[in-house]
Protein chains: 2
Amino acid sequence: MTTGTQPLRRRATVKDVARLAGVSAGTVSNALSGKRPVDAATRERITSAIAKLGYVPNLAARGMRTGRAGTIAIFSSMPTAVAAGPSRLGFLMELAASAAIAALESNVALLLVPPIEDPATALATIAFDGAILVEPEARDPFLAVLAARGVPTVVIGPAGDRPPLAVELDYKVMAELLFDHLAERGARRFPLVIGESARASNAAFREVYLTRCAASGLEPTVISLPEADAERGARDALLRHISDGHDIDGVLVPIDAMATGVMQALRTAGLGVPDRVKVATRYDGIRARSEMPALTALDLKLDRVAQLATRMLIGAIDGGADTGAAQGSAEPPAPRLIARGSTGMTGRTGTTDSASRNA
Amino acid sequence: MTTGTQPLRRRATVKDVARLAGVSAGTVSNALSGKRPVDAATRERITSAIAKLGYVPNLAARGMRTGRAGTIAIFSSMPTAVAAGPSRLGFLMELAASAAIAALESNVALLLVPPIEDPATALATIAFDGAILVEPEARDPFLAVLAARGVPTVVIGPAGDRPPLAVELDYKVMAELLFDHLAERGARRFPLVIGESARASNAAFREVYLTRCAASGLEPTVISLPEADAERGARDALLRHISDGHDIDGVLVPIDAMATGVMQALRTAGLGVPDRVKVATRYDGIRARSEMPALTALDLKLDRVAQLATRMLIGAIDGGADTGAAQGSAEPPAPRLIARGSTGMTGRTGTTDSASRNA
DNA sequence: AGCTTGAGTTAAATCGTTTTAGTGCAGACT
DNA sequence: AGTCTGCACTAAAACGATTTAACTCAAGCT
């Protein structure tokens with residue numbers, strides 16, 4: 001009982017378009033891609049045929065022919081990215097969201113690859129042209145598999161030994177910004193509370209901290225903790241430090257979960273922030289912003305970082321597939337200090353919540 | 001001057017495998033998919049050939065033949081998901097992360113689709129077999145496009161007029177849990193601070209709040225605010241409410257950004273939480289957890305919700321592609337109250353970081 | 001003995017696009 | 001007049017998998 005003219009709706013193909021426009025399939029393809037010139041009148045007929053038929057290209061077929069999947073994947077190798085809680089997730093997801101936007105601008109979709117035990121599985125299961133790897137570990141299993149398979153890869157974080165493309169986050173500059181700000185705000189005895197793992201960022205913070213302390217004649221105290229259970233760990237460690245009789249007037253605590261713990265410890269110990277103790281952290285996530293008072297942190301410009309990484313990757317995919325010389329690393333935008341209440345800065349710099357007066 | 005035996009590395013295909021194993025391509029395919037029986041010995045030769053050649057199937061080719069892209073997309077239609085800040089993003093990303101894991105279990109990858117102006121673009125640019133749509137609006141443009149194109153879609157949130165598949169978040173139950181908890185904790189004059197938009201969740205909270213107030217003989221006060229600039233808006237509105245002479249002993253404030261604002265207002269007004277005022281919110285994100293004291297909230301079990309949605313979607317893709325009868329909605333796991341310091345509960349109920357003890 | 005059934009296999013068709021190798025044709029240069 | 005060049009286009013050949021149709025052989029049933 002259908003009207004008869006309807007040929008039982010099959011998805012229109014390039015051939016249907018070609019027939020309706022009175023040209024060959026190849027010409028339709030050229031009109032669409034612009035790879036070869038097509039007469040204006042012809043193009044006109046083609047586009048109207050496309051509209052009439054509601055033609056949408058079959059991306060799988062295109063992909064097979066071109067060898068492109070039209071996707072890039074973003075990995076975080078942290079085995080426990082999810083278990084590590086919303087904070088770690090926040091960092092990754094902030095990157096992912098911006099990368100997704102940047103990718104779409106180049107007609108590329110972003111695949112979110114969950115942390116899995118077996119990296120090889122992902123590669124056999126998921127089609128993608130390139131990968132963004134967020135803060136890989138020392139000898140990262142994902143990186144190994146990706147390299148072995150020859151997948152173009154951009155690392156966000158430290159550029160390891162044999163670096164693929166990388167957006168190098170400059171942990172030293174971050175450390176310096178925070179250290180100098182604390183010093184400038186008058187802190188003289190501020191421990192560094194940091195993760196004990198061998199991550200590049202931990203190392204950089206340690207190094208800068210020790211160097212700067214030596215240069216300024218300050219006594220360094222490094223409190224190293226496991227990254228797992230960071231919040232409670234930092235709280236307990238700092239409480240112990242204080243009750244051991246150490247007198248502090250600041251804390252440099254890059255990892256935001258630890259910063260939350262530090263703030264709890266300070267409250268418990270009755271040390272007012274910022275009057276008695278100044279606190280500064282690195283990642284300006286929700287934790288930093290919703291502390292009372294809000295924490296001085298860094299604007300890492302993750303949106304720009306993700307954008308940069310995405311563009312590098314897409315460039316590498318398009319251009320240097322064979323050009324092995326496509327090695328290189330880009331400098332991300334410089335981080336910027338966001339001075340907030342936790343170092344005694346009230347103000348217009350950050351969010352609105354300076355109303356943090358302890359009743 | 002290569003060693004000669006190396007035939008200039010081309011990616012191995014199913015034909016190469018077949019040749020080496022001494023069978024036909026079809027048999028290799030059957031061995032891989034298990035769709036048809038293959039002799040054990042033959043299978044053995046095939047798998048070893050695969051290993052020897054390092055064969056990885058070309059997913060684009062497979063996809064073209066099978067008509068499957070092997071991906072699902074997750075959308076949030078909120079035009080401003082990113083601009084709305086990390087909090088809103090947190091909700092979406094928590095879902096996305098779990099969905100990605102669930103999808104991978106079925107050998108499906110998750111595409112993160114950024115919010116874009118023109119929904120049609122995404123469909124022409126990105127290949128996916130189905131979509132998860134997070135909390136669509138009343139007449140959502142994405143939903144319209146997806147439906148028009150016949151893409152299987154699962155909605156997380158309210159099931160609209162003509163529902164596709166949906167995981168219905170039960171906003172009423174959420175509202176009841178929170179309302180009843182506040183009442184049980186002794187609050188008698190607690191306003192509802194809520195978004196003014198027509199979102200289903202706002203409506204449900206209003207309705208439950210008014211009904212429950214009437215039933216318990218409490219005087220209702222609804223403070224409606226624009227969702228944009230929620231934090232500051234809630235703070236200012238509540239301060240005004242208080243300085244107007246209203247005496248309150250609780251706040252029901254489902255939206256977590258508003259809850260942050262409410263807490264600021266209470267601190268400014270010198271009203272202690274939980275002694276003078278009890279506060280409860282809905283989404284147990286970082287905001288709720290890192291407030292001082294931590295906020296009583298709901299465990300929405302978003303991981304299970306995402307998992308459920310993903311499985312429903314994959315089921316619909318596999319099974320009911322033509323079966324138009326594949327309509328239906330699933331009930332998500334019931335939300336659970338996480339009582340915390342903001343309603344005077346200290347405790348073991350929630351996450352590990354409940355250590356919010358006021359010194 | 002005759003018939004069906006199922007396992008195991010293969011050659012060939014197929015999916016929908018892009019690319020290759022030509023084909024005319026017009027104009028510009030020697 | 002002859003040769004080139006570039007435009008606009010076409011027919012046919014990939015791309016690499018899965019699926020179909022067909023075939024053989026052995027076993028099970030009546």
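A quick note: this is a predicted structure, and the numbers were derived from the prediction, not measured. Every chain is numbered from 1, with letters handed out A, B, ... down the list of sequences.
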Per-nucleotide protein contact string for nucleotides 23-28 of chain C (B base, S sugar-phosphate only, - none; heavy atom under 4.0 Å): ------

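- Partners of A:D303 under the salt bridge (Lys or Arg N to Asp or Glu O under 4.0 Å) rule, at least two apart in sequence or in another chain, do not exist in this structure.
- When the side-chain contact (heavy atoms from CB on, under 4.5 Å) test is applied to B:P37, no partner is found at least two apart in sequence or on another chain.
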Footprint string (nucleotides 5-11 of chain D, 5' to 3'): B base within contact, S backbone only, - free, heavy atoms under 4.0 Å: ---SSB-

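- Protein atom CZ of B:R10 is 13 Å distant from nucleotide atom C1' of D:dA14, rounded to whole Å.
- Of all non-hydrogen atoms in A:D129 and A:G70, the two that sit nearest each other are OD2-N, 2.8 Å.
- Listed by first and then second residue, the ring-ring contact (aromatic ring centres under 6.0 Å, His included) pairs that reach into residues 98-141 of chain B are B:F75-B:F128, sequence neighbours excluded.
- Note that the two end axes of the helix from C:dA1-D:dT30 to C:dT30-D:dA1 enclose an angle of 40°, each drawn from 5 base pairs, rounded to 10 degrees.
- Atom CG in A:L53 sits roughly 14 Å away from atom P in C:dG16 (whole-Å rounding).
- Whole-Å rounding puts the A:R19 CZ to C:dT17 P distance at 12 Å.
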Would you mind writing out the side-chain donor-acceptor pairs for residues 50-61 of chain A within the sub-3.5 Å range, not counting sequence neighbours?
from	atom 1	to	atom 2	distance (Å)
A:N58	OD1	A:A60	N	2.9
A:N58	OD1	A:A61	N	3.0

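- Between A:V155 and A:L165, every side-chain heavy-atom pair lies at or beyond the 4.5 Å cut-off.
- Nearest heavy atom pair, residue A:L313 against residue A:G130, reads CD2-C, 3.8 Å.
- For A:S29, a side-chain nitrogen or oxygen approaches OP1 or OP2 of C:dT18 to under 4.0 Å.
- Sorted by first and then second residue, the salt bridge (Lys or Arg N to Asp or Glu O under 4.0 Å) pairs involving residues 33-43 of chain A (not counting sequence neighbours) form an empty list.
- With sequence neighbours excluded, no residue forms a salt bridge (Lys or Arg N to Asp or Glu O under 4.0 Å) with A:R304.
- The nearest whole Å value for the distance from the CE atom in B:M64 to the C1' atom in C:dT18 is 11 Å.
- Regarding A:R62, its CZ atom lies at a distance of 19 Å from the P atom of C:dC15, rounded to whole Å.
- For the pair A:D16 and A:R11, the salt-bridge criterion is not met [side-chain N within less than 4.0 Å of a carboxylate O].
- Between the CG atom of A:N58 and the P atom of C:dC15 there is a distance of 11 Å, given to the nearest Å.
- Between A:M93 and B:A97, the closest heavy-atom pair is CE-CB, 3.8 Å.
- Taking the side-chain contact (heavy atoms from CB on, under 4.5 Å) definition, one finds that A:A309 meets it with A:I132, A:V154, A:I156, A:V167, sequence neighbours left out.
- Take A:R311 and apply the side-chain hydrogen bond (donor to acceptor under 3.5 Å, both in side chains) test, not counting sequence neighbours, and it matches A:E105.
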Report each atom pair, protein N/O against N/O of nucleotides 24-27 of chain D, whose distance is under 3.5 angstrom.
none

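- Atom-to-atom, NZ of A:K15 to P of C:dT17 comes out at 10 Å; the value is rounded to the nearest Å.
- Closest approach of B:A131 to B:V151, counting heavy atoms only: N-CG1, 4.2 Å.
- For the pair A:R11 CZ and C:dC15 C1', the computed distance is 12 Å after rounding to whole Å.
- Looking at A:R65, its side chain has no donor and acceptor atom pair within 3.5 Å of the base of C:dT17.
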